Q: 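Dumping the structure here so I can ask a few things about it.
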Amino acid sequence: MSSPVALIDCNNYYVSCERAFDAKLVGVPVIVLSNNDGCAIARSAEAKALGIKMGDPIHHLREKVRTHGVRVLSSNYTLYGDMQRRVVAACAAFARDTEIYSIDETFLDLGGFEDRDLVAHAHAMRDQVRLWTTIPTCVGIAETKTLAKLANAAAKKDPSFEGVADLRDHAARQKVMHTFPVEDVWGVGGATALKLKGLGIETAGSLRDMPMKQARAVGTVVLERLVAELRGVPSNAVETIEPQRKGMAVTRSFGAPVTTLDSMMGTLSQYAMRAGEKLRNYGLVAGRLTAFFHTNRHKPERPQYGGSRTVALQPMTSDSLELIGAARRAAERAWRDGYAYTKAGIMLDDLVGADMRPQTLFEDDTGKRDRLMGALDEINGRFGKWTAVTASQGFRREWKLRSEMRSPAWTTSITEVPMVRA
DNA sequence: TCTGGGGTCCTAGGACCC
DNA sequence: TCTGGGGTCCTAGGACCC
């Protein structure tokens, strides 16, 4: 018999973080924008009530913002990341172990707590999180992670649960399963939902009841496992040791389209520089680098083009100069003239710890390079991003990243801590 | 003319997630 | 004018090998 699983999920997380430090945001519609201030990615309950949807582009919302006094904020990931640490710390005593699933969701292994009233237990945990961070949460409890996700969604949607839904309870489970839309089940995306509906499967309950063989035929092992989880059979354990990360990326949309290879090279060089910084920060080296760019898929213009090339990094490295060289080679090979590119990125794969890096012949100046990179990181850490850049990276940033409404680093920068006057 | 079966490794791309 | 960024996992198919 496996332990019960819970999922604790912060309500309107980014907005709740902002409200923790600015009381004027409480009770009014608030949205937080994506990087580049492009679209709404978090909305307060009041903003949702105005019909603002996840992913709505800000330029479609101007009217609502003006007429309803919606407060609009740029995203502040430093703040949200730091607040997450506090949320997880508040939960720690309530579980045998935790798995941080995303910036606002944590799975809890409730093994060892089975003999308690788990609903009361979950309420106590929510109170603790609220006390330490002010952030409101909902909790779902069940036998598997997929069911805990579903329980959590039910707790959010149906006020009669009062913030905690326990789907181990048979009656609650039946009720939720038969009304929960199949497209909202964790792991069912647009493509799969369409196929399932074609088969007459509209709810979580009927997805649970579909034959396993059919599930596999429709959605490979992924859907097969999902159906098992809906039946209460775990096929996705709570992973309490943090897995080695497999890849990382630096990608951005541009403020203005890029049309020349020269300009693309400058942009990708900056991303490669940033990617190197991230690698060094995690103590990793990469074995492969991919550069890609594409035209604006939201525009009706045709034809569109997206190019990408992958190059091996040998030896494996976190050296920004090596990464920049690789990015330029890849970009050159993927480039096509005559298009207006609106997004580009660098992706790094085959990551291993720098200390595990396979040694190769012909590496005699790595010590020197390591010190150079260390100096670069220190200068940029102390004096701000892009204080020191490489010559190949240049200064040809022809567009700037927008982030015009960002809140201060309330909790992580001594110069920005809030002042209290008594 | 006829030209196997089975394995590995790699890449590209789809699907999904927050 | 203006539509996010950063991840994971899985499969198909090609190259290559014996």
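In this text the structure is predicted, and so the values were computed from the model without any measurement.
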Q: If you take all heavy atoms of A:Ala275 and A:Leu348, which pair is closest and at what distance?
A: CB-CD1, 3.7 Å
Q: Could you check whether A:Glu18 pairs with A:Arg71 (Lys NZ or Arg NE/NH1/NH2 to Asp/Glu carboxylate O, under 4.0 Å)?
A: no
Q: Name the nucleic acid region contacted by A:Thr310, choosing base, sugar-phosphate or nothing; use a 4.0 angstrom heavy-atom cut-off, strictly under.
A: sugar-phosphate
Q: Is the shortest distance from a Lys or Arg side-chain nitrogen in A:Glu277 or A:Arg274 to a carboxylate oxygen in the other one below 4.0 Å?
A: yes
Q: Looking at A:Tyr282, is A:Arg245 sitting on its ring face, NZ or CZ under 6.0 Å from the six-membered ring centre and within 45 degrees of the normal?
A: yes
Q: Can you see which heavy atom on A:Thr295 is nearest to which on A:Thr342, and at what distance?
A: C-OG1, 3.5 Å
Q: Any side-chain N or O of A:Arg252 less than 4.0 Å from the OP1 or OP2 oxygen of C:dG4?
A: no
Q: In whole angstrom, what separates A:His294's NE2 from C:dT3's C1'?
A: 12 Å
Q: Can you measure A:Tyr14 atom OH to C:dG6 atom P for me and round it to whole angstrom units?
A: 12 Å
Q: Mind checking A:Met248 for me? I need base, sugar-phosphate or nothing, with any heavy atom below 4.0 Å counting as a touch.
A: sugar-phosphate
Q: Heavy atoms only, 4.0 Å cut-off, all strands: where does A:Thr192 land among base, sugar-phosphate and nothing?
A: sugar-phosphate
Q: Checking all strands, does A:Lys53 fall into the base, sugar-phosphate, or nothing category for heavy-atom contacts under 4.0 angstrom?
A: nothing
Q: So how far is it from A:Met83 CE to A:Thr78 OG1, rounded to the nearest 0.5 Å?
A: 13.0 Å
Q: Calculate the interatomic distance between A:Tyr341 atom OH and C:dT3 atom P; express it in whole Å.
A: 18 Å
Q: Does A:Asn296 reach a base, just sugar-phosphate, or nothing at all? Heavy atoms under 4.0 Å.
A: nothing
Q: A:Cys39 or A:Lys246: which one's nearest nucleotide on DNA chain C is closer to the 5' end?
A: A:Cys39
Q: To the nearest Å, give me how far apart CG (A:Leu351) and P (C:dG7) are.
A: 9 Å
Q: Dot-bracket for DNA chain C, 5' to 3', counting Watson-Crick or G-U wobble pairs under 3.5 Å, with [ ] for crossing pairs and | for inter-strand pairs?
A: ....||||||||||||||
Q: Please check if any side-chain donor atom of A:Arg280 sits under 3.5 Å from a side-chain acceptor atom of A:Ser320, or the reverse.
A: yes
Q: Name the nucleic acid region contacted by A:Arg225, choosing base, sugar-phosphate or nothing; use a 4.0 angstrom heavy-atom cut-off, strictly under.
A: sugar-phosphate
Q: If each of A:Gln244 and A:Lys299 is mapped to the nucleotide of DNA chain C with the nearest heavy atom, which maps nearer the 5' terminus, i.e. the 5' end?
A: A:Lys299
Q: Cation-pi check for A:Phe161 against A:Lys156: NZ or CZ below 6.0 Å from the six-membered ring centre and within 45 degrees of the axis, yes or no?
A: no
Q: Taking only heavy atoms on the protein side, list every residue of residues 193-224 of chain A lying under 4.0 Å from any atom of DNA chain C, sorted numerically.
A: A:Thr220, A:Val221, A:Val222
Q: Within residues 54-72 of chain A, find the residues that approach DNA chain C with a heavy atom at under 4.0 Å, and present them sorted by residue number.
A: A:Pro57, A:His59
Q: Hey, mind stepping through A:Thr412 and A:Asp82 against side chain to side chain donor-acceptor pair (under 3.5 Å) and telling me if it holds?
A: CA-CA 7 Å; A:Thr412 53; A:Asp82 187 61; over 6 Å; no
Q: Determine, for A:Lys53 against A:Asp56, whether the closest basic-nitrogen to carboxylate-oxygen distance falls under 4.0 angstrom.
A: no
Q: Contact class for A:Val32 (heavy atom, under 4.0 Å): base, sugar-phosphate, or nothing?
A: nothing
Q: Are A:Lys197 and A:Glu183 ion-paired here, with the side-chain N under 4.0 Å from a carboxylate O?
A: yes
Q: Between atom CZ in A:Arg406 and atom C1' in C:dG5, what is the gap in whole Å?
A: 14 Å
